[in-house]
Amino acid sequence: MIVAAALVSCTQASSGGGPGADVPAASTDPAAADRARIAEDTENADRAEREAAAEEPTAVPTPGPALVRDAFATLQATLDDTCTPGAGDCAYFLGRVTQELTELDESMRADDKGPGHFKQPLADMKVLFDKLGDDRSEAHLEKYFSEIVGTRDGINTWMQDHPDDYR
């Protein structure tokens, strides 16, 4: 009986039956094993890329304010421009200067030096913005023509005394 049991055990092992029969045998071909590993790695990488793409936010982040030097440069580009209040040619000019001042204000507040460094220009812009309120119509801006141009020119003078802020 012992001989029979040993014989059955040997037969099962050699015929693929018995314990571990459902475990695939390792291939003796190393190239086949490498191909299988590469295929699995590629599949995992592809799946990871698809999952990452599905998780990416759909909203594009908005950039922060421009650097002070960049915002000042665009304001400075208006120095030779002007208009004649009442002539109908001030909408673009005053709108642009007001927008440039708004962007410079944001840049100065966000700058690493802090708003304390830009105390005077920020104070001048606050006075102007308080006068202007939210109305950006041509007639309203023309009413404050001198204040808008004066603020622009005053900031230009202040910045000329602080070249490290715009170079």
Side-chain angles (χ1 to χ4, degrees), residues 26-27 30-167:
S27 173
D34 287 343
R35 286 191 300 272
R37 194 176 22 245
I38 290 170
E40 184 178 344
D41 290 347
T42 302
E43 182 180 329
N44 289 340
D46 290 345
R47 182 175 37 253
E49 282 182 31
R50 286 189 303 271
E51 289 172 0
E55 293 174 8
E56 287 182 13
T58 55
V60 176
T62 57
L67 296 173
V68 170
R69 67 180 172 86
D70 295 340
F72 176 60
T74 59
L75 176 67
Q76 208 174 21
T78 69
L79 284 177
D80 293 330
D81 296 341
T82 192
C83 68
T84 306
D89 64 346
C90 284
Y92 172 76
F93 169 71
L94 292 175
R96 178 176 175 198
V97 172
T98 303
Q99 181 63 37
E100 300 296 349
L101 288 169
T102 300
E103 291 173 6
L104 182 61
D105 180 87
E106 293 170 356
S107 295
M108 287 178 169
R109 291 181 189 285
D111 190 81
D112 291 340
K113 293 178 183 177
H117 175 74
F118 301 101
K119 189 175 181 177
Q120 183 62 49
L122 287 171
D124 293 346
M125 286 186 277
K126 181 177 181 350
V127 168
L128 174 65
F129 297 150
D130 287 347
K131 287 180 183 178
L132 292 177
D134 293 332
D135 188 354
R136 295 297 188 262
S137 66
E138 181 177 10
H140 187 69
L141 293 177
E142 283 183 359
K143 179 179 173 182
Y144 293 101
F145 176 86
S146 295
E147 288 88 346
I148 294 170
V149 172
T151 300
R152 175 200 65 186
D153 295 347
I155 289 173
N156 181 61
T157 300
W158 188 91
M159 290 292 288
Q160 296 303 322
D161 290 337
H162 297 82
D164 58 309
D165 291 319
Y166 66 89
R167 288 190 184 163

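- Within the structure, the salt bridge (Lys or Arg N to Asp or Glu O under 4.0 Å) test picks out the following pairs touching residues 108-120 (sequence neighbours left out): D105-R109, K113-D164, K113-D165.
- In this structure a side-chain-to-backbone donor-acceptor pair under 3.5 Å is present from T157 to D153.
- Note that CE of M159 and CD of Q76 are 8.0 Å apart. Values are rounded to the nearest 0.5 Å.
- Between A71 and A66, the shortest heavy-atom contact is N-CB, 4.3 Å.
- We find the CD1-CZ distance between I148 and F129 to be 9.5 Å, quoted to the nearest 0.5 Å.
- No side-chain heavy atom of T151 sits under 4.5 Å from any side-chain heavy atom of V97.
- Closest of all the heavy-atom pairs between R152 and D81 is NH1-O, 3.5 Å.
- Nearest heavy-atom pair across S107 and V68 is O-CG2, 3.6 Å.
- Listed by chain and residue number, R96 satisfy the salt bridge (Lys or Arg N to Asp or Glu O under 4.0 Å) test with E100 (two or more places apart in sequence, or in another chain).
- By the side-chain contact (heavy atoms from CB on, under 4.5 Å) test, E138 is found to be paired with C90, A91, E142, residues two or more places apart in sequence or in another chain being considered.
- Residues F145 and T82 approach most closely at CZ-OG1, 3.7 Å, considering heavy atoms.
- Listed here is the closest heavy atom pair of F72 and I155: CE1-O, 4.4 Å.
- Taken to the nearest 0.5 Å, the CG atom of L122 stands 9.5 Å off from the CD atom of Q120.
- Here the CG-OG1 distance, from L141 to T98, works out to 5.0 Å after rounding to the nearest 0.5 Å.
- Using cut-offs of 30° and 60° for the angle between ring planes, the W158 and F118 rings count as tilted.
- Within the 4.5 Å cutoff, the side chain of N156 has no heavy atoms near those of the L75 side chain.
- In this pair, H140 and Y144 present their aromatic rings perpendicular. The plane angle is above 60°, beyond the 30 to 60° band.
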